[in-house]
Amino acid sequence: MTLDNSPEIVVPAADVETDQIVDSKLIDTMGTEWWRSAVIYQIYPRSFADDSGDGIGDLRGITRRLPALAQLGIDAIWLSPFYTSPQRDAGYDVADYCDVDPLFGTLDDFAELEAAASALGLKVIVDIVPNHTSSDHAWFQAAIAAAPGSEERSRYIFRDGTGPGGDIAPNNWDSVFGGPAWTRTTNPDGTPGQWYLHLFDSTQPDLDWENPWVREQFRAILRFWLDRGVDGFRVDVAHGMIKKAGLPDYTPPADSGSMGGGTVGFEPEIGSHAEAPTPPYWAQDGVHDIYRDWRAILDEYEGDRVMVAEAWVEPLTKLARWVRPDEMHQAFNFSYLESAWTGPTMRRVIDASIDAFSGVGAPSTWVLSNHDVVRHASRLALTAENPQGHGIGPKSPGQPVPALGLRRARSATALMLALPGSAYLYQGEELGLPEVIALPDSAREDPTWFRTNGERYGRDGCRVPIPWEATSPSYGFSTGAASWLPQPGDWAPFARDAQIGVAGSTLELYTRALALRSEHNLGLGSVEWLDGYGDDVVAFRNGSVTVIANTGEVAVELPIGKMLLTSHELHGAALAPDTTVWIVD
Ligand code: GLC
């Protein structure tokens, strides 16, 4: 028998004197807009549900499966890009910001999706990718067809090379995906031409946001989607749009290697107020003018429209600048995502997050997984450093033990969902999905894999299409058997239909946690630290709920109370390692 998720269990013994509140982290909510406490579920369209049968997920597939998400108990969905794109970076290379790629459907399909979401009470956030376009975008095609110095070229960052014949790139910057951040063009007569900047793949040229024309285009793009009723935007690379004047050379510290390509390391300097030197392509002050401008546009619209920054910026005190009252509403908390699973680290990052965000009147956010990082059911059991964004594969050091990873992931999620603020979930984590480590090399699609000649595995392992039905072809992901990345043969137990209603399943843990979070209003609550459990234990009260997470290696005694939620089966009154409980008096 499992005790997981049972509401009726009373923890019997252990009258430990631990319930002293030692410090209190109050959230100054300054309002109750939906996004301040929302749980937002990330849909990665190509891997969520495929209605057309081509093995790539689509908008109709999402619409069909939305009731399952409503049942899970989330508040909003965020859709990764579904716009017209050659898919060189899975849609983060946009060729038309105001249309749907035929792979994913049509604008009408999007309208249907929105209507279905709205009927289920779910908000819809879409992705906007302003740092770069696809090289297929008409603006870039016009730029390469035009002469150096032309208006068309001024929309991107074209420069002459240096050295004899201009053979050397304009500076020494590297692409986040590996290799140089510059590619040389070829003139119409076949001679080598200017170079253009791409912080990501060579098919993702960076726009020049100093150019007012570019700003005007994006105002129109925002309005296009706001007019179609979206509830907000997730802003891609929101720390990258302005580059330091003169584009000076920069050499990042050795293996600083996150998706930010140099702003964040594996062990973040949480709570530190010191700022590391800022790379000339990230976190330049000028980005904030852009978001003030965008905020004014969102504020013109009815309803609480929201912007969330994907900004890999540390420390948290600096990241908080993205969410000042006249800028964005939220920023992903990557310091939290990157924190090691230890008591002191978790307490520090929670404190630092609440301090930094509430200091500017914003809610803290919490996130453990997304489409760019190793899934937390694997990451939390890695025994070797793995800088985020590099992925893991069969030859990576420190291979995770699956059972330990899942156990920690469930415990970490139960802790996260008890925190005040807004939480982000990534599709499949509610099923306990691990990173797919053994993908055949021939199946990999992430540009990171190609640009590093296979040195870094990249992010395909967290993007494998998710399982819905244990016994259907492609586990019910597609209406056929196809799946753009191969699904592991042993995923049947992870399928949604194998977990639904099954006591102790990861899906039931998430469903129950979300229901209780809402019932006890934890999203708008506070963190009051409890002392006396030892360094390895993260213990706090949020309203009437006591949350205790054991990150250590020995069991700890629990206080008396009624068990609301447990991330793993309990044995008596002891809280085993890598287990989190929610208790009410
Ligand atoms: C963001 C996206 C990532 C993409 C990159 C370039 O970091 O999350 O998936 O590759 O931007 O657009």
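All ligand and atom numbering here is 1-based and tracks the order in the structure. Fair warning: this is a prediction, and the values are worked out from it, not measured in the lab.
Side-chain polar atoms of Ser154 and Asn211 form a donor-acceptor pair below 3.5 angstrom.
Within the 4.0 Å heavy-atom criterion, the part of Arg234 lying near ligand 1 is the side chain and not the backbone. In Tyr92, the parts holding a heavy atom less than 4.0 Å from any atom of ligand 1 are both the side chain and the backbone.
Pairs passing the salt bridge (charged side-chain N to carboxylate O under 4.0 Å, His left out) check and including a residue from residues 202-215, sequence neighbours excluded, read Asp206-Lys243. For residues 423-435, the salt bridge (charged side-chain N to carboxylate O under 4.0 Å, His left out) pairs, not counting sequence neighbours, are Glu430-Arg496.
Salt bridge annotation for Arg295-Asp326: absent, with no cationic side-chain nitrogen under 4.0 angstrom from a carboxylate oxygen. A salt bridge is defined here as a Lys NZ or Arg NE, NH1 or NH2 lying under 4.0 Å from an Asp or Glu carboxylate O, and Arg64 with Asp51 meets this definition.
Residue contact check: His132 has heavy atoms under 4.0 Å from atoms 6 (C), 12 (O) of ligand 1. Close approach of ligand 1 to Arg459 is summarised as follows: ligand atoms under 4.0 Å from at least one heavy atom of the residue are 3 (C), 4 (C), 9 (O), 10 (O). Within the listing of ligand 1, atoms 9 (O) sit less than 4.0 angstrom from a heavy atom of Arg463.
Considering backbone and side-chain atoms alike, Trp312 places every N or O at 3.5 Å or more from each N or O of ligand 1.
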